[in-house]
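It should be emphasised that the depicted structure is a prediction, and the values quoted were computed from it without experimental measurement. Chain identifiers are assigned alphabetically (A, B, ...) following the order of the sequence lines, protein sequences preceding nucleic acid strands; residue numbering begins at 1 within each chain.
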2 protein chains.
Amino acid sequence: MSRRITIRDVADLAGVSVKTVSRVLNKEPNVRPIMQDKVNSAVAQLNFKPNPQARGLRGNKTFILTLLYSNPNPDYILEVQNGAMEQGNAEGYNLQIFPCDHKNENLIETVSSFLEASPQDGVILTLPLSDNLQLIELLEKKGIPYTRISPFYSEHNSPSVGSDDQKAAYDMTKYLISLGHTDIAFIKGHPDHSDTDKRFSGYKQALNEYNLSLNEEIIKQGFFTFESGEDCARQLLAQKQKPTAIFASNDCMAAGVLKVSKQLNLAVPADLTIAGYDDTSVSQQVWPAITTVKQPIHLLGKMATKKLICKIKQKTWDEIQSIFECELVLRDSSSICNSTTN
Amino acid sequence: MSRRITIRDVADLAGVSVKTVSRVLNKEPNVRPIMQDKVNSAVAQLNFKPNPQARGLRGNKTFILTLLYSNPNPDYILEVQNGAMEQGNAEGYNLQIFPCDHKNENLIETVSSFLEASPQDGVILTLPLSDNLQLIELLEKKGIPYTRISPFYSEHNSPSVGSDDQKAAYDMTKYLISLGHTDIAFIKGHPDHSDTDKRFSGYKQALNEYNLSLNEEIIKQGFFTFESGEDCARQLLAQKQKPTAIFASNDCMAAGVLKVSKQLNLAVPADLTIAGYDDTSVSQQVWPAITTVKQPIHLLGKMATKKLICKIKQKTWDEIQSIFECELVLRDSSSICNSTTN
DNA sequence: TTGAAAGCGCTAACAA
DNA sequence: TTGTTAGCGCTTTCAA
């Protein structure tokens with residue numbers, strides 16, 4: 001391994017002072033174009049890359065962003081990671097991850113000690129951490145810039161991005177209604193996730209708009225797990241008047257519903273229409289493939305990172321909260337209602 | 001935000017020199033216990049955390065490990081990440097991720113420029129990157145310590161960890177044979193992944209041991225994707241003499257097989273036994289749930305990290321390559337062979 | 001517009 | 001065994 005190229009080497013080669021090189025590298029004003037050219041060509045010639053640690057030490061920066069998450073859905077997390085990476089790298093930041101367990105009693109302590117021990121320029125929070133008030137308080141207290149993905153609470157006036165879950169759930173419900181379904185069951189997500197409420201609201205909104213009454217008997221509390229989907233499906237499909245469609249708040253639970261339907265010899269979609277949410281791989285890999293909602297997860301990761309970097313650089317952004325549209329992905333688990341009662 | 005606590009504050013409070021504090025922090029020898037106590041209590045009192053950037057700048061270290069991957073399987077990657085995090089954090093390292101695309105023509109350049117721009121102490125490689133000779137050469141040339149997860153090639157004598165894929169595939173095949181199956185089809189994985197060969201070898205080994213002939217007609221080339229599983233299944237199940245069992249090299253493909261079976265009105269497992277590999281979430285969320293092989297992925301991530309840190313610290317490790325056992329996960333997609341021809 | 005010098009927080013080399 | 005000093009590679013301050 002050869003000796004590291006430093007800013008001094010560049011300065012010597014370009015015949016300028018180190019400060020001038022620094023100015024050019026950091027795009028500071030007040031450098032004559034001639035100087036800039038000299039520096040740039042020296043940089044290129046030596047393939048010089050400034051040492052982030054040295055830059056950080058002096059400027060109290062790290063060029064590291066941390067993604068904090070506690071989410072059992074690998075498809076979701078990986079897509080957020082990819083989006084965050086893409087944007088971060090484009091702007092010269094690296095991405096550090098810190099998976100944690102939101103049910104852990106010592107969460108705050110754990111995160112706090114992590115943040116102290118490993119400095120970073122900013123933090124990205126995903127659900128359900130986005131809504132963890134203690135965590136937000138901690139970040140505020142420490143003065144660490146952060147953005148949140150899909151938060152429910154917006155008191156803190158911190159930048160956030162999200163997708164329009166309510167509208168998507170509304171659209172999906174409307175679609176189910178358009179297929180002729182009137183007994184549309186709903187399986188809610190985990191009460192700790194704020195998504196849960198938004199999706200449920202969209203469902204209610206659509207029913208309301210079409211003058212369908214809200215039937216508490218066909219609204220079940222799930223927990224975003226496959227098993228909870230099964231449980232709810234068993235309850236729903238054991239009722240005298242079975243729903244003709246079940247809208248589950250995520251794909252895992254929808255897959256659970258599909259399993260139970262098959263066990264009960266119900267044909268999907270002929271006897272029962274199923275809809276999920278998230279467009280995770282399982283929704284494509286079961287049969288029939290599940291009709292679902294696709295969130296722009298990659299984009300959320302990207303934009304959260306973009307906003308975070310703006311905040312770090314003290315630049316302003318038009319909107320504190322940006323909401324992106326989801327899209328319906330129609331697959332084979334949904335069809336026109338065949339029920340004789342309708 | 002208050003001023004950062006530095007080693008000087010600790011030294012002042014403890015009434016010693018900064019070097020003594022440094023010695024205690026780094027567990028260097030030749031410090032009297034009395035001094036150690038003084039320093040430790042000052043550290044605790046001030047809640048002092050050394051600045052990794054400053055330590056790194058001086059010692060040419062970063063305390064950052066990078067996980068390099070290019071793998072379409074989120075369950076796998078996230079589990080590796082978690083394992084690597086767990087071990088890394090325990091030893092004072094942070095984990096940076098760098099997802100890349102192994103099919104990208106500029107992969108080497110991309111990684112190279114990433115490595116130059118963002119210094120780290122070591123790199124962990126997962127498949128298929130573990131077998132990318134150019135990448136390995138790059139790391140060797142730059143003198144960056146690395147470990148590989150599940151590599152096939154071991155020329156480079158670098159530490160690696162892996163699971164015993166051949167044995168697991170052998171065990172699974174033997175299990176299928178024990179159920180009375182003799183026409184056991186095999187769907188191979190992507191030719192770029194070295195896992196593919198190991199799994200196929202295990203299959204062949206078992207057939208051989210039980211004097212079952214290798215029938216090329218029921219061995220198909222898949223690509224680890226759901227669609228390739230479907231394609232292979234369609235070919236296999238269109239043959240005059242259908243296999244009674246299909247062993248797919250991963251769960252995605254097994255899910256594809258399951259879908260096709262259902263489309264063809266074959267009952268699983270009554271008419272067809274299906275086995276997968278990887279124990280990803282999809283294997284549990286389809287119905288019937290798929291019999292599969294569980295790799296100790298979390299452990300692989302952990303051990304790869306542990307070995308990497310040893311290498312960084314120039315400590316030795318007994319074995320250059322550690323192999324861990326997989327386990328069979330028997331679910332509902334496999335049963336005793338009912339075929340009348342047997 | 002440019003440069004010299006100081007210093008970010010820590011550790012290595014050396015001195016006491 | 002302990003302390004002093006220099007310096008890692010960069011940016012900031014201030015002077016030219």
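- One atom, CD1 of A:I5, and another, P of D:dC10, lie 10 Å apart when rounded to the nearest Å.
- Here the side chain of A:Q96 pairs no donor or acceptor atom with the backbone of A:I64 at under 3.5 angstrom.
- Atom CD1 of A:I7 is separated from atom P of C:dC8 by 19 Å (rounded to the nearest Å).
- With B:D9 contributing its side chain and B:T6 its backbone, the two residues share a donor-acceptor pair below 3.5 Å.
- Summarising the geometry, the separation between CD on B:Q53 and C1' on C:dG7 is reported as 15 Å, rounded to the nearest angstrom.
- In this structure, A:L25 places its CG atom 16 Å from C1' of C:dT2, rounding to the nearest Å.
- Paired with B:L308 under the rule side-chain contact (heavy atoms from CB on, under 4.5 Å), one option of B:P145, B:S158, B:P159 passes, and it is B:P145.
- At whole-Å resolution of the value, CG in A:N51 and P in C:dC10 are 17 Å apart.
- For the pair A:T305 (side chain) and A:G301 (backbone), a donor-acceptor distance under 3.5 Å is present.
- Taken over five-pair windows at either terminus, the axes of the helix from C:dT1-D:dA16 to C:dA16-D:dT1 are inclined to one another by 40° (rounded to 10 degrees).
- In this structure, B:R55 atom CZ and C:dC8 atom P are separated by 19 Å, rounded to whole Å.
- Considering only the side chain of B:N26, C:dT11 comes nearest among C:dT11, C:dT2, D:dT11.
- A donor-acceptor pair is defined here as one N or O able to donate and one able to accept, closer than 3.5 Å; such a pair exists between the side chain of A:S130 and the backbone of A:L125.
- Of the residues near DNA chain D, B:R8 and A:A54, the one whose nearest nucleotide (by heavy atom distance) lies more toward the 5' end is B:R8.
- Here the side chain of A:N51 pairs a donor or acceptor atom with the backbone of A:Q53 at under 3.5 angstrom.
- Between B:T6 and C:dG9 there is no side-chain N or O to OP1 or OP2 distance below 4.0 Å.
- Side-chain proximity of A:P50 to D:dC10, D:dG3, D:dC8: nearest is D:dC10.
- Within residues 31-46 of chain A, no residue has any heavy atom under 4.0 Å from DNA chain D.
- Neither OP1 nor OP2 of C:dT2 sits under 4.0 Å from any side-chain N or O of A:T20.
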Hey, what are the protein-to-nucleotides 12-16 of chain C N/O distances that come in under 3.5 Å?
{"unit_1": "C:dA12", "atom_1": "N7", "unit_2": "B:K19", "atom_2": "NZ", "d": "3.1"}

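- Remark: A:Y76 engages no residue in a side chain to side chain donor-acceptor pair (under 3.5 Å) (not counting sequence neighbours).
- Look at CG on B:N60: it is 14 Å from P on C:dT11, rounded to the nearest Å.
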Under 3.5 Å, which donor-acceptor pairs link side chains of residues 101-110 of chain A to any protein atom two or more places apart or in another chain?
{"unit_1": "A:D101", "atom_1": "OD1", "unit_2": "A:K103", "atom_2": "N", "d": "3.0"}
{"unit_1": "A:N104", "atom_1": "OD1", "unit_2": "A:N106", "atom_2": "N", "d": "2.6"}
{"unit_1": "A:T110", "atom_1": "OG1", "unit_2": "A:N106", "atom_2": "O", "d": "2.7"}

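- B:N30 comes within 4.0 angstrom of a nucleotide base, judged by non-hydrogen atoms across all strands.
- Checked by atom type and distance alone, the side chain of A:S322 never pairs as donor or acceptor with a backbone atom of A:V161 at under 3.5 Å.
- Legend: ring pair (Phe, Tyr, Trp, His ring centres under 6.0 Å) pairs involving residues 108-131 of chain A, not counting sequence neighbours, sorted by first then second residue: A:F98-A:F114.
- Listed for the B:D121 side chain is a donor-acceptor partner under 3.5 Å among the backbone atoms of B:T62.
- Taking the ring axis of B:Y146 as reference, the NZ or CZ atom of B:K311 stays within 45° of it and closer than 6.0 Å to the ring centre.
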